[in-house]
Amino acid sequence: MTPSAVPPNPVVVPLREALSVPFDDTLRFYLNGTRVVLDNVDPEVTLLEYLRGIGLTGTKLGCGEGGCGACTVVISQYNPTTRRIYHASVNACLAPLVSVDGKHVITVEGIGSSKRPHPAQERIAKSHGSQCGFCTPGIVMSLYALLRNNPEPTEHDIEEAFDGNLCRCTGYRPILDAAQTFSVRREAPLGCGNAKANGGSGCCMENGGGGGCCKDGKTDGLDGAPVKRFTPPGFIEYQPDTELIFPPALKKHEFRPLAFGNKRKTWFRPVTLDQLLEIKSAYPTVKIIGGSTETQIEIKFKALQYPISVYVGDVAELRQYALTDDQVEIGANITLTDLEGVCKEALDRYGPVRGQIMTAIDKQLKYFAGRQIRNVGTPAGNLVTASPISDLNPVLMAADAVLIAKTLGKETELHMADFFKGYRRTALPPEFILASIRIPLTQAKNEWLRAYKQAKRKDDDIAIVTAALRVRLNDDGVVEYANLVYGGMAPTTVAAKQANAYLLGRKFAELETLEGAMNALGQDFDLPYGVPGGMASYRKSLALGFFYRFYHEVMQSLGGEADAEAVDEIERDVSKGWEDKQAAADYMQETLGRSNPHLAALKQVTGEAQYTDDIPPLKNELYGCLVLSTKAHAKLKSVDFSPALDIPGVVDYVDHRDMPSVAANHWGGAHKDEVFLAEDEVHTVGQPIGLILATSAARAAEGARAVKIDYEELPAIFTIEEAIEKESFFDFYREIKKGDVEEAFKNCDYVFTGETRMGAQEHFYLETQAALAIPKPEDGEMEIWSSTQNPNEAQAFAAQVCNVQSNKIVVKVKRMGGGFGGKETRSVQLSSILALAAKKTRRPVRCMLTREEDMVTSGQRHPFMGRWKVGVNKDGRIQALSMDVYNNGGWSWDLSAAVNERSLTHSDGCYRIPNIHVRGRICKTNTMSNTAFRGFGGPQGMFLAESYMEEVADRLGMPVEKFREINFYGAGDLTHFNQPLTDWHVPLMYDQVRTEADYAARREAAARFNATHKWRKRGLALIPTKFGISFTALWFNQAGALVHIYHDGSVLVAHGGTEMGQGLHTKMTMIAAQALGVPMEDVYISETATNTVANASATAASASSDLNGYAIQNACDQLNARLAPYREKLGPGASLKDIAHAAYHDRVNLSAQGFYKTPEIGYDWTTNTGKMFFYFTQGVAAAEVEVDTLTGSWTCLRADIKMDVGQSINPAIDYGQIQGAFVQGMGLFTMEEPLWFAAGPFAGSLATRGPGAYKIPGFRDIPQAWNVSLLKGVEWKDLRTIQRSRGVGEPPLFLGSAVFFAIRDALKEARREFGVVPRVVGKEEVDGEGQEKEDGLLVLHSPATPERIRLACKDPIVEKARVKAKEGEKNFFVTTV
């Protein structure tokens, strides 16, 4: 949502004449090898806006805050710190255009094309590393930057190269596999770079200790021979000497002071420190910009305005450093990447003892944002923004660093201990700038400094708590200096004063010292329950846990009694993966069954693939920006658009009064309970009220912020619990009932009850909602390009708001940058509003939502709660299940009913339950309207099932793996909705995965590990899934296709499915090619359009390959029948060109319309009869994790997945879907948690509205060892789908829960360590006083975030840290869990 802020007081635009040095106004740089000279540059334009504005649209806008990497470009420049050319990957969305003077900008288009790709582009494409492709150019450029700076990267270099990039589709594995082909060492079977398989003289394990070990950095195993990179067969060899050279002219470039300006903003670029000080003296309030990483976010998302800005990135004096005998002095504007190099150089000089501070800085920098941010971010920026959760500032404060500040003719020292004066306030006088930082070294003995950080995600994440802890002892072991500094525990970086005071003068090695310091820390950080930022108990536990870890590391180095298990933190190894490449060998055909790359992959890796907002601007085009509600529930007292219309560039607006009728403003499914544009009441933050139209996106956003809205707030509801309490439900009730539940409960041996909750999930497709509406001059016609999964519905509602028939509206989709269900219905809102605006203005109108706007308007995965009751016998067989299932629908119906229904159909998991009664209700709240998301209620239903399976198994004292096996469905069994299970392979795959993953042995190994590790625990889980394939709404199970054969033998295919990265067009092309007997190159799918295939169902429900594939096959069958006489006449060697030519001259129709409808299905909810799904896609996954119970951090050590996808049309695409779904599911169950502000001016607003606060899994979150295979060697007797394949898009997602349940398994051991175990029936225990022990059953809700993991532990540290709410006290955030 466009933010609102009070504009600052007008500032007089500075006159350059006030400065002694003349400032030039011409920008000179190189772009992809070509010289560019610009004058009259707009200082407000970012590099991304410039690049896309000149047609280089390969660089994408994904988030606008430098958090996703989609906008990554490379800027090559002479580095004044290292005095070398450095190729920096940077976020173009943050980089001001005016910062590239004297530099060489390289975009994805500049390194290769689909005809002549760069090796990095080709390998990612051919290795199946691109699905939707929207993130791919940024990933390519990160890899390119690595190779330019380091042509011989190690495996670790590759693994860490993408810490500033996100991908939502692939699961990252194929990208890493492609990138690892550039590494100088490939992973050998023994895991060693010196293994004989890698060309070395032998791993130490092979040679009995000789030959060098890759783990300790020795390389003698290579016999001194030069390392040779291995180019896999079929790939272009990488030759570094053929890269774009750094333009010789730039080596001679004269860096002149620059100044640019308009009526709103002036930008200075000094090149010397004196010039900077003069500007600062003349204009003390000027905004100093180093990397612009914080400033652009303030401008874009907080609407702050800086009329005068000074870019200091080219002031060489601020980027120097010096190593002396007792300190390191660094220029305040040295980049964080260069600071990493300084740390390593300092450690080489001073050694690890005296260089402890530099080690701590280097450690914090490793996980500080992504490489793109570190390439431009600076220590000065960190310091002056005064973030309370800074990674770097606690280290500098603990080290007693001194800041050197300068102004004209004066220098002063600022001590870190006194620098932070309040939230985002420092002691830096307004006329001063930070020039350098002096960092003292630690003593040669008896001094220790360590740094720690905990975040939601390991890489590229802002901290929850950071710490730098330092003590110095005298020779008697008495503390003579202590400085424990924390971030995330107060409004500023703060020293723990009471703990520091307590430690002074005490003998460090005494246990009393540890206890006393922990108690003092508890007093230092006595956080209230509702502390800003939330997580009071967790943050306090981290503060205590960090000190506990530090204390024992010091004790360990002293040789004293130490809790050694507390010292080490979890570190990942280089990840590796395996796929069964022979899975389709038994049924592979000429085209089908082969692992062909995604058809658009080469276009995606080169930036040539066009997405909706890449369509070139049209003449007279307008840009739209939504005016969104800022209140969760309120009456609209007044809406005043006039301030927006006074802004230059703003042309018009639309609101509900522009609709042709009241009815036209209503939309949605059967209920049509939503309005496109609010009328007199808003029901959620982010509900559209109007649309501002302007000549640029920036002016439209400014206009939207200017609209004045007066609200009368009304009570709001956010959670399922609140809705149940207040009986706020939609008029919906569903149930599935089989057998006699109540009678079964009476007769079974045990009855257990429980409650399971599961949170929401944001789609986070990399391409946000986007559309372009183009009005035609005649008859109300309009063409709409939309990033939608549902062109048919987009057409219908555009016709409605334009008051024309559907035949006047054509909706087209080339491709989407991801969808996952989020563009099934919610995309219609934007395209319809734009259609209305285009009709009103008679001009083309485009809009691509910002990430923030998208997240607050487009809906999420439904949160769920299940209250269950399970009856089971002593033999472990479940006899009955009764469950009430609630989902949070948000403020409107959308697809919540169908989501709830599917959850009910999947609430049995894979288990035969003879008596079952499940009931569903939809809660009506004031969140955004929740919607379809990959799995569509299936994962929620199965999560409820696996949760009650886990808890009941714990109650029985039975291994859950055995409990699952006992209750598995058998072949032919009826589900609770009375559908027989045919081609049932879950029990078989369960056995296969258990064997192939060596599950039993690893379970034993984990038990041994847990017995010897107090603070690290390992857990395993083996999880099955069955997912019903078909739309539950019968009429959607149909598809059409149109196939044309042209004179030259080429084939054009149109079908109703849309391409969002899942490879649908690739599979459909393969089906057509196989059916017509032509190579894939002769078949083309241009786009999806409502005027070629009408009335198409949404691309959803994992059914699109089945439906559209059979429709294409049907059309091809018709054509083959018509062409059969000509094939016979011309013989088997005749080409399709010859056959088509002959048929054409005989006036044979070379076009065919195909159609398919799924047979047999049709379920009656009232009688519980009929066939709900056409078939079930099945799978099993095993996962093993290791958890650091002191912090809640974890890593997935290994995952093994086996899916039954029938006879795969394209195994590579199916593997990509499996891996991507698994990682998305892992994020759902362990990491991704939407949060809302609970109170204050932003009450009811989504707090997690971008990658800075909402964390999806990254490259370093995937399993370290990851094996994926497809079921083979079985017969699919009853599978009557296209080529006997199964839908694969959604079913694997739930298998990500294997990681969640492995974490739960580890947590049970963590609790057992401290005597907390579940009460087992028949084995009730009593305490010393004869009282029954407290039940220690672990109830773990999803997602299992580090906070939930830590608070589920029961050790004394976390118990000491627990913060209880006082009466009336609320958490800072509202969560859906």
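- Under the 3.5 Å distance criterion, the side-chain polar atoms of K421 are matched with a main-chain donor or acceptor of D418.
- The two atoms that bring P430 and K280 nearest to each other are O-CE, 2.7 Å, heavy atoms only.
- Under a 4.0 Å N-O distance rule, the pair K363/E569 qualifies as a salt bridge.
- Considering CD of E160 and CZ of R572, their distance stands at 10.5 Å, rounded to 0.5 Å.
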Decide side-chain contact (heavy atoms from CB on, under 4.5 Å) for L1235 and V1374; before the verdict, give the C-alpha distance in whole Å, the side-chain angles of both, and the deciding distance to 0.1 Å. CA-CA 6 Å; L1235 299 170; V1374 174; over 6 Å; no

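- When only modelled atom types and interatomic distance are considered, N165 and Q372 share a side-chain donor-acceptor pair under 3.5 Å.
- Exactly one of E1347, M535, M489 qualifies for a side chain to side chain contact (heavy atoms under 4.5 Å, CB included) with I464. That residue is M535.
- Panel note: side chain R349, backbone L323; a donor-acceptor pair is recorded below 3.5 Å.
- With hydrogens and angles ignored, the 3.5 Å screen pairs no side-chain donor or acceptor of R472 with any backbone N or O of A482.
- Proximity of a side-chain donor or acceptor of E411 to a complementary backbone N or O of K406 within less than 3.5 Å is not detected.
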Which is it for M416 and V402 under the side-chain contact (heavy atoms from CB on, under 4.5 Å) test, yes or no, and what are the steps along the way? CA-CA 6 Å; M416 280 296 301; V402 176; over 6 Å; no

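- S1193 approaches Q454 most closely through the heavy-atom pair OG-OE1, 2.8 Å.
- D1355 has a carboxylate O that lies under 4.0 Å from a charged side-chain N of R1350, or vice versa, which qualifies the two as a salt bridge.
- The shortest distance between side-chain heavy atoms of F368 and N382 falls below 4.5 Å.
- Residue-environment remark: NZ (K410) stays at or below the threshold of 12 foreign heavy atoms within 6.0 Å.
- With hydrogens and angles left out, the side-chain atoms of E431 and T407 include no donor and acceptor closer than 3.5 Å.
- Using a 4.5 Å heavy-atom cutoff, the side chains of I330 and V342 are in contact.
- In this structure, L396 and I439 have side chains that are in contact, with non-hydrogen atoms separated by less than 4.5 Å.
- Expressed to the nearest 0.5 Å, how far CG of L347 lies from CD of Q356 amounts to 10.0 Å.
- Remark: side-chain polar atoms of T442 are paired, donor with acceptor, to backbone N or O of R354 under 3.5 angstrom.
- Counting only N and O atoms by type, the side chains of N79 and D338 include a donor and acceptor under 3.5 Å apart.
- Residues C1353 and V1358 approach most closely at O-CG1, 3.4 Å, considering heavy atoms.
- With 3.5 Å as the limit, one finds no donor-acceptor pair spanning the side chains of T466 and D391.
- The line from CG of L339 to OG1 of T378 is 10.0 Å long, rounded to the nearest 0.5 Å.
- Heavy atoms only, all atoms of each residue included: C63 and C68 are closest at SG-N, 3.6 Å.
- With respect to the salt-bridge test (charged N to carboxylate O, under 4.0 angstrom), the residues K456 and D461 do not qualify.
- For the atom pair CD1 of I462 and CZ of R457, the computed distance is 10.5 Å after rounding to the nearest 0.5 Å.
- V310 has its side chain within reach of V312: a pair of non-hydrogen atoms, C-beta onward, lies under 4.5 Å apart.
- For the residue pair S557 / W448, a side-chain donor-acceptor distance below 3.5 Å is found, with atom types taken as modelled.
- Of the possible donor and acceptor atoms, none in the side chain of T492 sits under 3.5 Å from a partner among the backbone N and O of F420.
- With respect to E1186 and R1016, a salt bridge is recorded, a charged nitrogen being found less than 4.0 Å from a carboxylate O.
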Hey, mind stepping through N500 and L504 against side-chain contact (heavy atoms from CB on, under 4.5 Å) and telling me if it holds? CA-CA 7 Å; N500 289 341; L504 285 179; 6.0 Å; no

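- Judged purely by distance below 3.5 Å, without hydrogens or angles, the side chains of Q320 and T81 never pair a donor atom with an acceptor atom.
- The main-chain N or O of G534 is found under 3.5 Å from a side-chain atom of R539 such that the two form a donor-acceptor pair.
- With salt bridges taken as basic N to acidic carboxylate O contacts below 4.0 Å, none links E565 and K1014.
- Under a 4.0 Å N-O distance rule, the pair R374/D163 qualifies as a salt bridge.
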Verify salt bridge (charged side-chain N to carboxylate O under 4.0 Å, His left out) between E1369 and K1364, making sure each step is shown before the conclusion. CA-CA 9 Å; E1369 197 173 16; K1364 294 186 176 164; over 6 Å; no

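- Side-chain contact, Y350 with D325: no donor N or O sits under 3.5 Å from an acceptor N or O.
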Using the side-chain contact (heavy atoms from CB on, under 4.5 Å) rule, take Y321 and E345 through it: C-alpha gap first, then chi angles, then the decisive distance, then the call. CA-CA 11 Å; Y321 68 96; E345 184 180 335; 2.6 Å; yes

Under the ring pair (Phe, Tyr, Trp, His ring centres under 6.0 Å) criterion, do Y551 and F508 qualify, and how do the steps go? CA-CA 9 Å; Y551 177 87; F508 191 80; 4.7 Å; yes

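- Here Y548 and H552 bring their ring centres to under 6.0 angstrom of each other.
- Taking the centre of each ring, Y486 and F546 stay at or above the 6.0 Å mark.
- A distance of 8.0 Å separates CG in L414 from OG1 in T426, rounded to the nearest 0.5 Å.
- Using cut-offs of 30° and 60° for the angle between ring planes, the W1015 and F1314 rings count as tilted.
- Between the side chain of N91 and the backbone N or O of L94 there is no donor-acceptor pair closer than 3.5 Å.
- Between D568 and R549 there is no salt bridge, since no side-chain N of the basic residue sits under 4.0 Å from a carboxylate O of the acidic one.
- Between T385 and S387, the side chains place no donor N or O within less than 3.5 Å of an acceptor N or O (distance only, hydrogens not considered).
- With hydrogens and angles left out, the side-chain atoms of T359 and D362 include no donor and acceptor closer than 3.5 Å.
- Rounded to the nearest 0.5 angstrom, L273 CG and I433 CD1 are separated by 5.0 Å.
- A donor-acceptor distance shorter than 3.5 angstrom exists from the side chain of R470 to the backbone of A398, with no hydrogens or angles considered.
- Ring-plane geometry between F550 and Y452 is classed as perpendicular, the angle between the planes exceeding 60 degrees on a 0 to 90 degree scale with a lower cut at 30.
- L383 has its side chain within reach of L434: a pair of non-hydrogen atoms, C-beta onward, lies under 4.5 Å apart.
- At most 12 non-hydrogen atoms from other residues, nucleotides or ligands lie less than 6.0 angstrom from CD of E512.
- In terms of heavy-atom proximity, I437 sits nearest to A401 at CG2-CB, 4.1 Å.
- Here K1255 does not pair with E1232 in a salt bridge; the nearest charged N to carboxylate O distance is not below 4.0 Å.
- Judged by distance alone, the side chains of T337 and N375 do bring a donor and an acceptor atom under 3.5 Å apart.
- More than 12 heavy atoms of other residues, nucleotides or ligands sit less than 6.0 Å from atom CD of Q443.
- At least one donor-acceptor pair under 3.5 Å links the side chain of D1261 to the backbone N or O of G1258.
- A pairwise comparison of heavy atoms in E515 and K1360 identifies OE1-NZ, 4.3 Å as the closest pair.
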